[in-house]
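A short write-up of the structure that comes next.
Below, chains carry the letters A, B, ... as their sequence lines are ordered, and counting in each starts from 1.
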Protein chains: 2
Amino acid sequence: MRDLLTHAVEDYLKTIYDLSLNYGRASTTQIADVLDVAPASVTGMVKKLTGTTPPLVEYQKHRGVVLTPDGEKVALEIIRHHRLLELFLHETLGYSWDEVDAEADLLEHVISDKFEQRIAEVLGNPTHDPHGDPIPTRDLEIPSHATLCLSHLRPDERGSIQRVRDTDPELLRYLSDHGVVPQASFTVTGFTSFDGNLTLLIDGQDKPVVLGTRITQQIFVEKE
Amino acid sequence: MRDLLTHAVEDYLKTIYDLSLNYGRASTTQIADVLDVAPASVTGMVKKLTGTTPPLVEYQKHRGVVLTPDGEKVALEIIRHHRLLELFLHETLGYSWDEVDAEADLLEHVISDKFEQRIAEVLGNPTHDPHGDPIPTRDLEIPSHATLCLSHLRPDERGSIQRVRDTDPELLRYLSDHGVVPQASFTVTGFTSFDGNLTLLIDGQDKPVVLGTRITQQIFVEKE
DNA sequence: TCTCAAATTTAGTTAAGCCTAAAAAAGGAT
DNA sequence: ATCCTTTTTTAGGCTTAACTAAATTTGAGA
């Protein structure tokens with residue numbers, strides 16, 4: 001089985017995992033969009049992933065895909081690699097927050113168990129990456145915590161940033177420049193109902209930030 | 001051009017570089033042996049490498065292969081990656097000497113220029129890797145030094161180990177266990193002319209080591 | 001319920017990089 | 001100079017993961 005875990009397969013499983021978290025299942029088109037391949041290619045790969053022993057995904061024609069427990073294990077292993085790498089690049093090699101994702105995407109498929117273990121040790125076996133996402137443990141459990149979407153908060157509510165689920169470097173840099181980084185505490189100071197914009201005042205900053213609906217749905221927070 | 005630099009192509013170029021250093025050129029069979037592929041596959045790849053713009057190798061049927069300046073640049077880039085990675089794995093992540101080669105072989109094709117630069121900085125822009133091999137500089141020059149083959153020394157000559165050009169983990173561990181590591185100083189205490197065996201006494205060790213011809217040709221030293 | 005656009009699958013290709021088997025070239029020994 | 005072995009190349013095929021184009025299915029709106 002080990003030999004069918006190509007980079008391509010791992011990327012599909014990781015993508016299906018992420019989409020399933022957000023939508024309960026992954027559609028052909030969604031997967032194709034994320035991986036930047038043609039929808040027909042996804043159909044082909046998904047069929048392959050169903051036909052392996054053990055099968056890595058469950059799939060019904062025209063109904064979308066979910067991971068089997070075996071597929072989820074592979075996905076979590078890759079996600080563990082990815083998030084440890086992000087943290088490692090940031091902490092040990094001085095990468096900035098918006099540079100880590102692209103490099104981790106390449107390295108996550110290549111590093112050995114030993115490499116994974118060593119960087120985890122060097123970093124003190126962390127439970128969360130620089131975006132605030134949880135890092136699966138070595139036996140692939142996810143340390144969860146009660147978070148909700150920033151878009152659910154309303155004026156006068158306070159919270160702290162937990163995770164930013166977006167990979168656009170420009171956006172990440174913008175957020176970072178305005179103090180919207182994991183662990184930062186803030187107060188919601190405004191809400192425009194017709195367009196869904198939220199205004200935040202990050203503790204210690206002098207100017208509030210206005211964030212559109214798209215991004216407020218990508219930022220996860222803990223209420224205070 | 002960038003897109004034809006696949007892992008496979010890079011491995012071929014690196015192998016041709018190494019073989020050319022030792023033999024002046026690389027034969028189809030030698031390349032096939034190193035890369036563990038069929039000779040016919042080498043012929044196919046070498047043809048491809050001749051047909052690129054710019055060509056990466058020069059090749060005449062039945063006469064072997066050498067790198068063009070362009071091919072050499074690619075090879076040196078990969079070799080720089082490899083040797084920096086070996087050192088990084090050893091120094092920063094605590095890998096032992098015999099573990100670094102396999103992991104570096106995987107990572108060398110994947111890391112970005114930025115990663116290369118960062119680990120070089122962290123390591124203090126080193127000029128030699130843990131095996132004692134020189135690390136090409138950022139502009140791909142090779143810092144050379146006057147070394148010769150251990151097999152050329154004779155009893156009573158003294159020297160220090162510079163490089164061990166072998167990748168067999170068991171052998172490397174054996175050498176390491178017996179003090180045959182870069183920088184170690186030694187005296188040649190014996191030579192058996194009929195089989196070419198050399199006996200060494202490493203400074204600070206109590207027992208001499210006997211090394212066969214194959215390995216004495218893989219160890220490079222500086223005379224003292 | 002019908003219709004139609006969007007989503008998905010099927011069918012047929014392509015490009016890499018490998019393989020085996022067989023043919024051909026090289027080059028050392030007699 | 002010829003033979004014979006080794007090396008190398010040719011020819012034909014396989015697999016993976018992508019692609020395009022065409023056919024089919026789905027499901028939302030009238």
Side-chain angles (χ1 to χ4, degrees), chain A residues 1-16 19-20 22-53 55-66 71 74 78 105-106 108-110, chain B residues 1-16 19-20 22-53 55-66 71 74 78 105-106 108-110:
Chain A
M1 168 188 166
R2 192 90 288 197
D3 41 323
L4 56 81
L5 260 35
T6 62
H7 299 188
V9 166
E10 292 176 346
D11 273 336
Y12 274 97
L13 294 173
K14 190 176 75 154
T15 302
I16 294 165
L19 290 168
S20 299
N22 287 319
Y23 305 102
R25 35 140 265 184
S27 76
T28 303
T29 320
Q30 285 175 322
I31 299 170
D33 281 349
V34 174
L35 293 178
D36 200 26
V37 298
S41 308
V42 175
T43 302
M45 178 58 93
V46 160
K47 272 190 179 167
K48 176 184 163 178
L49 264 21
T50 316
T52 58
T53 43
L56 298 169
V57 306
E58 251 170 60
Y59 151 76
Q60 285 180 289
K61 277 187 191 175
H62 300 278
R63 305 266 143 192
V65 193
V66 290
V74 177
I78 298 301
D105 269 336
L106 296 176
E108 65 189 8
H109 306 292
V110 176
Chain B
M1 168 186 166
R2 192 90 290 196
D3 40 323
L4 56 83
L5 261 33
T6 61
H7 299 190
V9 166
E10 292 175 345
D11 273 336
Y12 274 95
L13 295 174
K14 189 175 75 153
T15 302
I16 293 165
L19 290 169
S20 300
N22 287 319
Y23 305 102
R25 35 141 271 198
S27 76
T28 303
T29 321
Q30 284 175 324
I31 300 170
D33 282 349
V34 174
L35 294 178
D36 201 26
V37 298
S41 307
V42 175
T43 302
M45 178 57 93
V46 160
K47 272 189 180 168
K48 176 184 163 178
L49 264 21
T50 316
T52 57
T53 44
L56 298 169
V57 306
E58 250 169 61
Y59 151 78
Q60 285 180 289
K61 276 186 190 174
H62 301 277
R63 304 266 142 189
V65 193
V66 291
V74 177
I78 298 302
D105 269 335
L106 296 176
E108 64 188 9
H109 306 291
V110 176

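- Between B:K61 atom NZ and B:K47 atom NZ the span is 6.0 Å, to the nearest 0.5 Å.
- Whole-Å rounding puts the B:H62 NE2 to D:dT7 C1' distance at 8 Å.
- Rounded to the nearest 0.5 angstrom, B:H109 NE2 and B:K14 NZ are separated by 5.5 Å.
- Using a 4.0 Å cut-off, no side-chain N or O of B:T43 falls inside it from OP1 or OP2 of D:dT10.
- A:H7 has its NE2 atom 14 Å from the P atom of C:dG17, to the nearest Å.
- The side chain of A:Y59 places an N or O atom within less than 4.0 Å of a non-bridging phosphate oxygen (OP1 or OP2) of C:dT9.
- For A:A8, the side chain to side chain contact (heavy atoms under 4.5 Å, CB included) partners two or more places apart in sequence, or in a different chain, are A:T6, A:M45.
- When the nucleotides D:dT20, C:dT9, C:dC18 are ranked by their closest atom to the side chain of A:A38, D:dT20 comes out on top.
- Counting to the nearest Å, the C1' atom of D:dT9 and the NZ atom of B:K48 are 19 Å from each other.
- Spacing between atom CG of B:L13 and atom P of C:dG17 amounts to 11 Å, rounded to whole angstrom units.
- For the pair B:K61 NZ and C:dA23 P, the computed distance is 17 Å after rounding to whole Å.
- Computed from coordinates, the A:M45 CE to C:dT9 C1' distance equals 16 Å when rounded to whole Å.
- Comparing A:K47 and B:A8 by the nucleotide of DNA chain C that holds the closest heavy atom to each, the one mapping nearer the 5' end is A:K47.
- When distances run from any side-chain atom of B:P39 to the nucleotides C:dC18, C:dG27, D:dT9, the shortest one goes to D:dT9.
- In this structure, B:T28 reaches the sugar-phosphate backbone alone: every heavy-atom distance under 4.0 Å involves primed, P, OP1 or OP2 atoms, never a base.
- At whole-Å resolution of the value, CG in A:L5 and C1' in D:dT16 are 15 Å apart.
- Rounding to the nearest 0.5 Å places CG of B:D33 at 11.0 Å from OG1 of B:T15.
- For the atom pair B:N22 CG and B:Q30 CD, the distance stands at 9.0 Å (nearest 0.5 Å).
- When the nearest nucleotides of DNA chain D are assigned to A:A40 and A:V9 by heavy-atom distance, the more 5′-ward of the two goes with A:V9.
- At the phosphate of C:dC18, neither OP1 nor OP2 sits under 4.0 Å from any side-chain N or O atom of B:S41.
- Counting to the nearest Å, the C1' atom of C:dC18 and the CG atom of B:D36 are 12 Å from each other.
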